[in-house]
Number of protein chains: 2
Amino acid sequence: MLERIHLAVIQAVDQHGSLTAAARRLHLTQSALSHTIRKLEHNLGTAIWLREGRSLRLTQTGEYLLSIANRVLPQLEHAESKLKQMVQGERGTLRIGMECHPCYQWLLKVVSPFLEHWPDVDVDVKQKFQFGGVGALLGYEIDLLVTPDPFYKTGLRFDPVFDYEQVLVVPDHHPLAARSYLNAEDLRNQVLLTYPVPPDRLDIYMQFLNPAGVVPKRHKTIETTDIMLQMVASGRGVAALPRWLAEEYSTRLPLKAVRLGRKGIAKQIYLGSRESDGDIEYLNAFIQLARSHEHPAAGTHR
Amino acid sequence: MLERIHLAVIQAVDQHGSLTAAARRLHLTQSALSHTIRKLEHNLGTAIWLREGRSLRLTQTGEYLLSIANRVLPQLEHAESKLKQMVQGERGTLRIGMECHPCYQWLLKVVSPFLEHWPDVDVDVKQKFQFGGVGALLGYEIDLLVTPDPFYKTGLRFDPVFDYEQVLVVPDHHPLAARSYLNAEDLRNQVLLTYPVPPDRLDIYMQFLNPAGVVPKRHKTIETTDIMLQMVASGRGVAALPRWLAEEYSTRLPLKAVRLGRKGIAKQIYLGSRESDGDIEYLNAFIQLARSHEHPAAGTHR
DNA sequence: ATAATCCATTAACATTATTCATGTGAAGAT
DNA sequence: ATCTTCACATGAATAATGTTAATGGATTAT
């Protein structure tokens, strides 16, 4: 009933002094405005202006409508300009899901230049998903998934962002620290520290221990990388982590990284996204940035 | 470009779950909504919903539009309900102009019950007018004029609200206090206190002194009634005021009211208004209230 | 499977909005 | 005074928008 055009006319007449001038401003004819306002006045049951000769004077109702116009129209105009930015992919929220605990550190390094280049794009990182990372992607809970497990499916797209080697992190003076590589048997008497995820999602089990039928002495789960490595340094156990992560921490803690198996465990991290989001500029930019920004230490493996 | 209907559709779809339900809610057909939204999406250059089978899921753009809808639509709805009240004369601002200094006290007695009956109508009182009270009325500076001088003219309407007698207020033990009435000559040696208005607007001059060619010893102007009467009580002069006003003060100050001339000076107060405002309920109500609320002391004169 | 529901689309039609051409009255200039 | 200009009103023609009705495709419920 009270439409945008009504408010626009009232505001324009106030600003430009006449219906005719307002019509020019709004790219409509004076006739159209006259008809429109006449109908509004009829619907309201009251005049908006008093016609005094050739000029218009606002009634109390008109004054009130003008105040509404001056309050509401800027909101709509602002919304429109924001929408334009969003459509051009310059503004939005990038919701990133993480299925790779240690990757958080790497992610921070990508996010920070991204935020600089895209000041109007917010980044949100989630770590828990009811139906797994891929489910979250398909269910539009997240827009981007950082995962070591690509799950090729129609509608999804996975871009490898970097390779790395999964290694065993042990204390500096640990008996295994000097070895050039380890066998599964070597872990039989070790306490293994991992993130709290099911063993079938842990590569050290799937690719190393299980094939040899070996079970470690104990298995403890720890949420955060920092604490986990503190524990390793103090001799409470050993952990399987990306080599680059181990090397980063080894400058601060007395740690050593040892290869798992003769050839090592090779891993890749992928960024999963929906194909339907292929036209979102900032999303593509993020993937681009991520690929060009592989971890410095990653190269040492190739 | 971004119209109310667009926001309404987005909000209704969010609230009722489907385009079809939203169409019912908005008293439009599903077809119309489908077309409307299609056009909006085309104009924006982006989808608002992702069509997933038979249900709609908001895109980021859509989420944003929904937030706008939830913010802007209530503003428009509120404005509409206020407008309805204004049109029914239940809400507004009554701007009262005063051309009768002592009437302020009387006005307060009318305004106070009025404000109680019309909680949504504000009252504003003005006392200065560039082109006089009638000019202010015609120029829409005020909506109601309290004046002793009706100025019948097309478009204006004057309602008498009460009669009163203009008397001379003197100190209790003043030589003139005992007289049953005064002649102009009696003022030749008095100091006359009046409000600061031109003598040709003062009845004591126009109707009493001037015809007799008498000029008082001195003429001082004072803004406020309270101070004026304090001065009279302390013997600094005499003042011409409505009888009811003098009587009201005489309970607190040692004052006496004496008739001017043998028949006294009869006065009337009018409420002036624009005929074009004849359909404003609260304005009529005010005039009605004013007429039924003449000052208690006024009756003594008739 | 079957039916029901929902969105998209099409086409004929109805309604509403806008334009175009013209009229009227007020203000200002000659 | 008369003329010109300006601004709003009006009515008919035209364009835009919404309705009705029918249909298809897809999904969900029974």
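Hydrogens, waters and symmetry mates are skipped; everything else that's a heavy atom, side chains included, is used. Below, chains carry the letters A, B, ... as their sequence lines are ordered, and counting in each starts from 1.
OP1 or OP2 of D:dC8 sits under 4.0 Å from a side-chain N or O of A:T20. Phosphate contact (OP1/OP2 of D:dT17, side-chain N/O of B:K39, threshold under 4.0 Å): present. Residue B:R38 has a polar side-chain atom (N or O) positioned under 4.0 Å from OP1 or OP2 of C:dT9. Residue A:T36 has a polar side-chain atom (N or O) positioned under 4.0 Å from OP1 or OP2 of C:dT18. Residue A:S34 places none of its side-chain N or O atoms closer than 4.0 Å to OP1 or OP2 of D:dC8.
Side chain of A:N284 to main chain of A:G278: a donor-acceptor pair is present (N/O by atom type, distance under 3.5 Å, no hydrogens or angles).
Taking atom CG of residue A:L26 and atom P of nucleotide C:dT18, one finds them 11 Å apart after rounding to whole Å. In this entry the distance linking CG of B:L56 with P of D:dA26 reads 16 Å, nearest Å. Atom-to-atom, CG of B:L19 to C1' of D:dT27 comes out at 16 Å; the value is rounded to the nearest Å. Put simply, CD1 on B:I37 is 10 Å from P on C:dA8, counting in whole angstrom units. Rounded to a whole Å, the CZ atom of B:R24 is 17 Å from the C1' atom of D:dT19. For the pair A:H16 NE2 and D:dA7 P, the computed distance is 13 Å after rounding to whole Å. The nearest whole Å value for the distance from the CG atom in B:L50 to the P atom in C:dA8 is 12 Å. Between the CD atom of B:E3 and the P atom of D:dA16 there is a distance of 15 Å, rounded to whole Å.
Here CG of B:L137 is found 7.0 Å from OG of B:S273. Values are rounded to the nearest 0.5 Å. Going from atom OG1 of B:T36 over to atom CD1 of B:I5 covers 6.5 Å, rounded to the nearest 0.5 Å. Atoms OG1 and CZ, from A:T147 and A:F158 in turn, are 6.5 Å apart once rounded to the nearest 0.5 Å. Annotation: the span from B:L107 atom CG to B:F114 atom CZ amounts to 11.0 Å, rounded to 0.5 Å. Residue A:Q60 holds its CD atom at 11.5 Å from CZ of B:R91, rounded to the nearest 0.5 Å.
For A:L28, the side-chain atoms get nearest to C:dT18 when compared with the rest of C:dT18, D:dC8, C:dA8.
Heavy atoms of other residues, nucleotides or ligands lying less than 6.0 angstrom from CZ of A:F129 number more than 12.
Across all strands shown, A:L33 has no heavy atoms under 4.0 Å from either base or sugar-phosphate atoms.
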**Prompt:** Going 5' to 3' along nucleotides 20-26 of chain C, which nucleotides have protein heavy atoms under 4.0 Å from the base (write B), which only from the sugar-phosphate (write S), and which from neither (write -)?
**Reply:** B-----B
